[in-house]
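The structure appears below as structure tokens.
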Amino acid sequence: MSPRKPMRQEKFPFGIAGVSVGEIERQVPAGEAPPLPTNDRLAVIGKSVPRINGRAKVTGAARFTVDIKLPGMLHARLLRSPHAHAHIVSIDTQAAERNPDVRAVHVITDVVGRAIERDAGTDHGAGVHLPPALYVGAPIAAVAAITEEAVDAALGLIKVDYEVLPFVVDMEDARKPDAPAVFASPVIGTGFEGRAPGSGEIAQHGNIRGPVKAGARGDIDAGFAEAEVVVEEDYRTQVQTHCCMETHSVVADWRPDGLTIYLSTQFTAGVRNELAEAFKLPRNRVRVVVDAMGGGFGSKSSAGNYARAAVALSRAAAAPVRLALDRREEQLDSGNRPGTFQRLKIGARKDGRLSAISLYTYGTAGTATGAGVGNVAQAMYECPNFASEQYDVFINAGPGCAMRGPGNTPGAFALEQAIDELAEKLTIDPLLLRDRIDASPVRHEERRRGAERIGWSGRHAPGADKGPIKRGIGVAQSLWGANVQTNASCEVRLLRDGSVEILSSVQDIGTGIGTVLAQVVAEELGLRPQDITVRIGDTEFPAGPPSYGSRTTASITPPARNAAYRIKQMLFEIVAPHLNVAAEDLLMRGGRIVARSDATRSMSLREAAATLRTDQIGVLASRSDDYGGFRRMMTDAALAQNDLGGVQFAAVAIDTETGIVRVERFVAVQDCGRPMNPRQIESQVQGGVLQGISYALFEDRIFDRHTGSMLNADLEHYKIVGSRETPDIDVILLENYQGESATDAYGIAEPANIATAPAIANAVYNAIGVRLRQLPMTPAAVLSALGRIPRGS
Amino acid sequence: MQHFEWVSARSAAEAANAGTTTVAAAMVAPAGGRVFQNAVIVKAGGIDLLDLMKEGLLQPRRIVNLRGIAGLDRIVEQRDGTLRIGALVTIAQVAASPIVRERYAALADAAGSSASPQIRNVATLGGNLLQRPRCWYFRSVRHHCARKGGETCFAFGGENQYHAIFDQNGCAIVHPSTAATALVALDAKVVLVNAEGASREVALENFYLLPDKDIHRENELKPGEILSTVVLPKLSPGARSLHLKQGEKDSFDWPIADVAVLLDRGAGGVCRRASIVLGAAAPVPHRAKAAEAVLIGKSVRDETARDAAHAALTGAAPLTKNAYKLPIFETLVRRAILAAAAM
Amino acid sequence: MLETSLSMSRARAEINTEPGAVGPSAVPLTLRINGTVRTVAVAPHTTLAEVLRGPLDLTGTKIGCDRGACSACTVWLDGLPVASCMTLAIDVGDRSLTTIEGLSDGDRLHPVQAAFIEHDAVQCGFCTSGMVMSCAALLARNPHPTLDDVKAATGGHLCRCGTYPHVFAATLAAAKTGRG
């Protein structure tokens, strides 16, 4: 039994600014920085400090992984299967290896990212186990050569003997009993598993794996028996690809003394650990570096096949190897948001109280598991009886992975429309119904503020507008578990010349965490953000958290504050004798150390640092548990007591004669604990909304059933939102003080994305009086729903 | 892209004499065969060519650069009131031209709504008219479709949501040029120059070919010919035209339907002449003759516009996934007629 | 004969044609970039984007799709925004090129660049170079753009992070300062 850590009692601001902020008492570990007041009383935290890497990005100086050039660097590409399903009988790489421009060839024998068959070790007579090619674009081998052109030529020299097999690329076709089997035997789980547990013994029949029954509570049959009103409908959401503007890319540099890998990644420390294990290196001989990073959205969380291949090539060639996916490869094989079918049934009393929710869902993550629909149906609203049954359906397509709000995003599309329908059946205003069944005071306030901003009271009955252009307003909510990476550290250093730096392996994937870290340290040390040097994106620095799961801010800002606080304490001890005061009497303000009791006793930080015995002092800090405790502990991470959320309102205009849906105005009310940098957060929220609009209206991965090919593996026919589809997006940020950590800050990326599509769908219903339960809501879908497409066609 | 030789032509005649093949001819291969490796092709803006080459669909031995040939990049009004637009005039220049905007608004509309500003700054009118289809089977080197010399049109029974609702005849492409939609409505002609320096004029409407005429090419450009000029006729003072484009997205998207209308009305607002052309509807710009007939001799009112719009879909034979285009076309035709009548 | 000439009135030397064809192997090219003259040897099939990012080490210009669909690779050719991935380097001739690196003047940022920072019109930054080039070109030709003008000028750009609202605000603000 470990000794209890010393604790102390502190009071923290508690509540929503503008509603009521009181105080809460917490027990905090002794070494923690003292409570921060609300943002209005802070100098730097909570202010819209300009992004510190903004200048580098607007001048083109920012260095992305695709920009890196190392001396002697080779170029690599992956050989990919042209077939949707094939056994690899043999691979002959001799001609490629003999090519004078080629320096290394690597055959992929272990694939990551997709589900693995239980009987994967089956040898198909080739002597070496070669995994089957399970989708067009599946990676087979890789080549490194001295120029990009030479690589393309060399790929053509690799002879692969494929035994082509039947395939299936349509989810409904894959469910049929006579469908071609994607996997030769049942699978045993995979890397990312979405929200549905994917490992362990789960039944699999043909291409259908499940059921997974999660979150059941109460007695579902009794619950429906009590219901006075029932809503039951089917919903479909499409597969969505991440479309990171910088494709997946890597430069791997294997040297005798260790591996350095430049990777466009969301998790330097995680990749470091992965590659150390995969290549049997000690962790401290693997270094992962990322400077500017061109988007991840969940797809760049681990070391994929392309990165591992690059490392293998670099080792074989004893030279740095660059491998960057082209856009077609990116669309085929860098992950995707699974598509889903959901049958959602909700039972309620006449006054709106829910008595039962049941969810039957299946979805496809291609050749991976994890097509769940998250936990919105079971967690958003109060309901004593809940049951769900989820299935994965395999198809011969690239493996899915997490994408911004995995599970909850498709799940909310169904749930929030169902709640809307329930409200209509009960003739209760949808916001009022939510007031009755949603226990969250935060979302209550979000509804209130958003309703006012969008003009909810002016909302008319569904389909009421005369004329071909019909307008409507809709609302939807998001819920996202507030993940915290407990395994998150950073170091703050003070150098003898007074310069200050913060070091962490955490990576800035576009959210601006570097700026926030500068703000945190600056606030604590009475400096300006520009006085802080931020060194991130490198596993040479203490291991920080991943940038996924909307957890970065919550995970790394408390360590930053604590490290800065402790450095400050150390400095006070050193400086106090010089100023003839007690260390407790000192504070830092305006770049100076000042005695509270006598302001004339002060010195500049530079003068203070000059008294250091050594060139630098440094403090390595991590973060404690949330002061009020976590809801659940996992490995390296935990779930906070309170979920993140948001309420979003869409105002749309439908041209009922062309089927075009335009989002004219949008209001997003979100919470993230203590907002650290409002303008950066606004950027993220707008980004989430725009991705949600894109998901609602335009995006769809189109497969050709006959050839098993993705027909729109590009950015031309795979359509993402552009400037003309961008509405006014009004972002309202709640300051929600909870007294949970040294910064009390949480993330926002995913909550900003989850409610958007259902808000639009509900607005569409309000506009035309017809409900669209399938995504995307294309002109064809709208016209069909309106009965405007001639029969017999 | 594969390697190629490069030469810049100093004149249209020199280009025509360079032993060129049409892009269409260079892209046809028998089933199981490789595309023609020895082709010499001309390049104007290069937008479509670079796309085809990057996809591995076109592998010319040599490119003859037309860009920079003096005299082909001008918009010149003739004494007889016609307007001659050089084939190398960019789409941006067409859209910005005051005389095009004033007299041939449909063309200005179509040019202004094409592609993106970046593409418009480089793509030429000639190249735009000659560009190859956007059908995703056609643009895929993995699908050896009928237009490229194979046996199958994959769109039939496949993913045909963006394909033709008329005249499929063995190939379901839609003609890709919105400028062509407008120019056919405006009765434009194209001038083709050959290696001997002789030129011929062809009505643009006749220049395009339906698949049953020749499935391997969209137009009747001959090898060695250069499209040098687009000629717009003198229109009567009462003529008004416009072009409407509807994409799934408003920013940078191909049309799912586009319509050009030219109305010429005389005394009392009676329609003397009407040209109604549907783009993204058929393998060629589709003249909606039945719709035009509804308007002739009548004033344009809501009812006539509605009837004409309905008639515009006469003969439509949608495929499994593109029937949604019908109500969109009907709407665009009606709106375009009413808008032209209000100009 | 009324002549409405739309040839750009830029100083342009005679097209420097070789007597015969050049290539397919590397050919010396002289390019006027950001006010300086650079010489490279590249094969005719090399795109301008590849030349900029490769031998010229001007990696500020990004390649997002290599098909002209995303506009990340936007540079100016004689002041006009073009997709450098859809431009052959050999086709540039003696037209002047401006890349993102040439927009600022030493430490002095272009007003659009400064406004992008101030209005946080940047997230991951990958589309930013191209976006800045389009917005700066807009202000050069239209010092008083409307929101619709800005949307039109950026209509070819794809930004997955969703910077559009802040891009619009930044560009309109830069115009208001009157120095755009």
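Letters go in sequence order (proteins before strands), and every chain restarts at 1. The model shown is predicted, which means the values in this text are computed figures rather than measured ones. Just the heavy atoms: all of them, side chains too, but no hydrogens, waters or symmetry mates, feed the values below.
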> Do you know the tightest heavy-atom contact between C:Ala21 and B:Glu5?
Replying inline: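 So the two residues come closest at CB-CB, 4.1 Å.
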
> Among C:Cys85, C:Pro81, C:Gly23, which residue forms the greatest number of heavy-atom pairs with chain B at distances under 4.5 Å?
Replying inline: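 Winner by heavy-atom pair count: C:Pro81.
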
>> I'd like to verify something: which residue of C:Ser71, C:Gly93, C:Gly130, C:Ser25 has the highest number of heavy-atom pairs under 4.5 Å with chain B?
In response: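 Heavy-atom pair counts peak at C:Ser71.
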
>> Given 3.5 Å as the limit, does a donor-acceptor pair link the side chain of B:Lys54 with the main chain of C:Asp66, or not?
In response: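 Indeed, once roles are kept as given, a pair shorter than 3.5 Å links the two residues.
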
> Using non-hydrogen atoms and a limit below 4.5 Å, what part of residues 111-123 of chain B faces chain C?
Replying inline: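 Only B:Ser116, B:Pro117, B:Gln118, B:Ile119, B:Asn121, B:Val122 of residues 111-123 of chain B have a heavy atom under 4.5 Å from chain C.
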
> Quick one: side-chain hydrogen bond (donor to acceptor under 3.5 Å, both in side chains) partners of C:Arg141, sequence neighbours excluded?
Replying inline: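 For C:Arg141 there are no side-chain hydrogen bond (donor to acceptor under 3.5 Å, both in side chains) partners, ignoring immediate neighbours.
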
>> As an exercise, state the distance from CE of C:Met86 to CD1 of B:Ile47, rounded to the nearest 0.5 Å.
In response: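 Output value for this atom pair is 5.0 Å.
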
> Atom OG1 of B:Thr90 and atom CG of C:Leu80: how far apart are they, to the nearest 0.5 Å?
Replying inline: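 With rounding to 0.5 Å, OG1 (B:Thr90) is 8.0 Å from CG (C:Leu80).
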
>> Considering only residues two or more places apart or on different chains, which pairs with a residue in residues 48-92 of chain B satisfy ring-ring contact (aromatic ring centres under 6.0 Å, His included)?
In response: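 Residue pairs with at least one partner in residues 48-92 of chain B: there are none.
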
>> If I measure from the heavy atoms of chain C, does B:Gln2 come under 4.5 Å with its side chain, its backbone, both, or neither?
In response: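 Contact with chain C: backbone only.
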
>> Around atom NZ of B:Lys189, are there more than 12 heavy atoms from other residues, nucleotides or ligands closer than 6.0 Å?
In response: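 Atom NZ in B:Lys189 is not packed in, count stays at 12 or less.
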
> Under 4.5 Å between any side-chain heavy atoms of B:Val7 and C:Val22, yes or no?
Replying inline: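 No, too far: nothing below the 4.5 Å cut-off.
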
> So which part of C:Leu77 gets closer than 4.5 Å to some heavy atom of chain B, the side chain, the backbone, both or neither?
Replying inline: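 Neither part.
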
>> Does any backbone or side-chain atom of C:Ala137 lie under 4.5 Å from a heavy atom of chain B? Answer side chain, backbone, both or neither.
In response: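 For C:Ala137, neither part sits under 4.5 Å from chain B.
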
>> Under the criterion side chain to side chain contact (heavy atoms under 4.5 Å, CB included), I'd like the reasoning laid out for C:Leu88 against B:Met1: C-alpha separation, chi angles, the key distance, then a yes or no.
In response: CA-CA 11 Å; C:Leu88 292 172; B:Met1 279 192 278; 4.1 Å; yes

>> So that I can tick it off, tell me whether C:Asp91 and B:Lys43 are bridged by a salt bridge, with the cut-off set at under 4.0 angstrom between side-chain N and carboxylate O.
In response: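 Answer for the salt bridge query: yes.
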
> Residue by residue, which of residues 43-59 of chain C have a heavy atom closer than 4.5 Å to a heavy atom belonging to chain B?
Replying inline: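 Those residues of residues 43-59 of chain C which have a heavy atom under 4.5 Å from chain B are C:Ala43, C:Pro44, C:His45, C:Thr47.
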
